[in-house]
Protein chains: 2
Amino acid sequence: MARSARKQQILQAALACFTEQGVEATTIEMIRDRSGASIGSLYHHFGNRERIIGVLYLEGIGEYAARLEAGLIETLEPEACVKLFVSGYIDWVVANPDWARFILHNRGRVEAGEMGEQLREFNREHGRRIAGILRRHRDAGAFKPLPKECFVSVVIGPAQDMARNWLAGRSKTALAEYRDLLAQIAWDSVRQH
Amino acid sequence: MARSARKQQILQAALACFTEQGVEATTIEMIRDRSGASIGSLYHHFGNRERIIGVLYLEGIGEYAARLEAGLIETLEPEACVKLFVSGYIDWVVANPDWARFILHNRGRVEAGEMGEQLREFNREHGRRIAGILRRHRDAGAFKPLPKECFVSVVIGPAQDMARNWLAGRSKTALAEYRDLLAQIAWDSVRQH
DNA sequence: TGAAATTCTAGAAAAATATTCTAGTCTGAT
DNA sequence: ATCAGACTAGAATATTTTTCTAGAATTTCA
């Protein structure tokens, strides 16, 4: 089997523990207990605690990145492209709140850990593909002149901060209500006027 | 003495360890070693490992929030206010990169931990003060209609994402170079047109 | 001042947690 | 049926955090 069921059980149990207790506070024992796996099985699949975190993180951004790229490829208009960054992001967060919270809060941990290079490599590749998709709009003059490094931050930054607040329970209103507004703001920030 | 020198030594040692090894990987022993304190002293001042993290976090956002609020109070024009959010933020990050990295990466941990309520309380108060300062501009119609919950995210979101990238070493260009550009974008996003 | 109270420091001991290791069981291919 | 490799189990070990007892330094105030 490509990815043992047990391995997925462990990852799901881990995410549930992380959500309820926080990453810091969950012990291997809790994950073992909740997943029904044994210590041996756990270490067979992941090797150490940090790698459970790393795999969960990488699978999460992988899922999201694949979805975004797939959407972008079949979106022709620059406005729709930019708005898809935001609305797609918010849709994903709303559909996967626990995973999204985990990802928003653990980038630093994974970056600093033994899987950091793998994460950076993934981000480089993803960034390259995104840049490729956007190039034709950029070349066609659809966007205002903006350093390449700033583009994605400007587009996605506000939505990300809103998502953080919403996931922390700080915002009462459903995040989805702001979806189109934030998409419009993003487009206004980068379009050629 | 209001805040024992030893306590500050421990916090500084902890931040240095966190920067070099990552929060996960630094042990109490490393902090003890680097600070020159004893285990007893460490636990006398903080009680447990998590509280070292919590105090460092709260001191950091406290420092930054105080600076921002002080600046805002003596800034009269709405445009200057909004731009100060961004430029003040970037200045602080550039001046305190280690502290900023630590704060950007550990909100979730502190929020989920035993000091979470303290953090939320701080954020509520800070948010209230900020809202108070901005009210007159809002009432004067300086900003475009925008849900209250979105305003700060829209203003600060892009700068925050850029800061994250810069601190992770992902961006070659100095963050400060984008300071005025990001401030202008923030202002364009919220001003009444 | 000087004695009592409090704060702080020390490091050994205990508790909690993560990881390794050995001995298996199960599954699928030949 | 049997062999190889993937997987599971849990006891043993190693690491790390936390507690505890004792004593040093500092502050308080009579």
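The shown structure was predicted, so the numbers you read here are calculated from the model rather than taken from an experiment. Letters A, B, ... are given to chains in the order of the sequence lines, protein chains preceding strands, and every chain is numbered from 1.
Using modelled atom types and a 3.5 Å distance limit, the side chains of B:Glu63 and B:Trp92 yield a donor-acceptor pair.
Taking the nucleotide of DNA chain C with the nearest heavy atom to each of A:Gly40 and A:Ala25, the more 5' of the two is matched to A:Ala25.
A close approach under 4.0 Å does occur between a side-chain nitrogen or oxygen of A:Arg6 and OP1 or OP2 of D:dA9. The side chain of B:His44 contributes an N or O atom lying less than 4.0 Å from OP1 or OP2 of C:dC8. Side-chain N/O atoms of A:His45 include one lying less than 4.0 angstrom from OP1 or OP2 on D:dT8. Under 4.0 angstrom from either OP1 or OP2 of C:dT9 there lies no side-chain N or O belonging to B:Ser38.
Between the CD1 atom of A:Ile31 and the P atom of C:dT19 there is a distance of 10 Å, rounded to whole Å. Whole-Å rounding puts the B:Asn48 CG to C:dA16 C1' distance at 13 Å. Rounding to whole angstrom units, CD of residue B:Glu50 and C1' of C:dA16 are separated by 15 Å. A:Tyr43 has its OH atom 21 Å from the P atom of C:dA23, to the nearest Å. Per the geometry, CG belonging to B:Asp33 stands 13 Å off P belonging to D:dT16, to the nearest Å. If you take CG of A:Leu42 and C1' of C:dC21, they are 16 Å apart, rounded to a whole angstrom. We find that CD of A:Glu24 is positioned 10 Å from P of C:dA18, with the value rounded to whole Å. Atoms CZ (B:Phe46) and P (D:dT17) sit 15 Å apart, rounded to a whole Å.
Between A:Glu77 and A:Lys83 there is no salt bridge, since no side-chain N of the basic residue sits under 4.0 Å from a carboxylate O of the acidic one. A salt bridge links B:Glu20 with B:Arg34: at least one charged nitrogen is closer than 4.0 Å to a carboxylate oxygen.
Relative orientation of the B:Phe143 and B:Phe151 rings is tilted, given thresholds of 30° and 60° on the angle between their planes.
For CD of A:Glu117, the number of neighbouring non-hydrogen atoms (other residues, nucleotides, ligands) closer than 6.0 Å is greater than 12.
Candidate nucleotides D:dT17, C:dT9, C:dA18 were compared by shortest atom distance to the side chain of A:Thr27, and C:dA18 ranks first.
Judged by distance alone, with hydrogens and angles left aside, the side-chain atoms of A:Glu50 form a donor-acceptor pair with the main-chain N or O of A:Glu114 at under 3.5 Å.
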Kindly give the atom pairs (protein nitrogen or oxygen, nucleotide nitrogen or oxygen) under 3.5 Å for nucleotides 26-29 of chain C.
none

Worked check of side chain to side chain donor-acceptor pair (under 3.5 Å) between B:Asp180 and B:Gln184: CA-CA 6 Å; B:Asp180 297 341; B:Gln184 183 64 44; over 6 Å; no
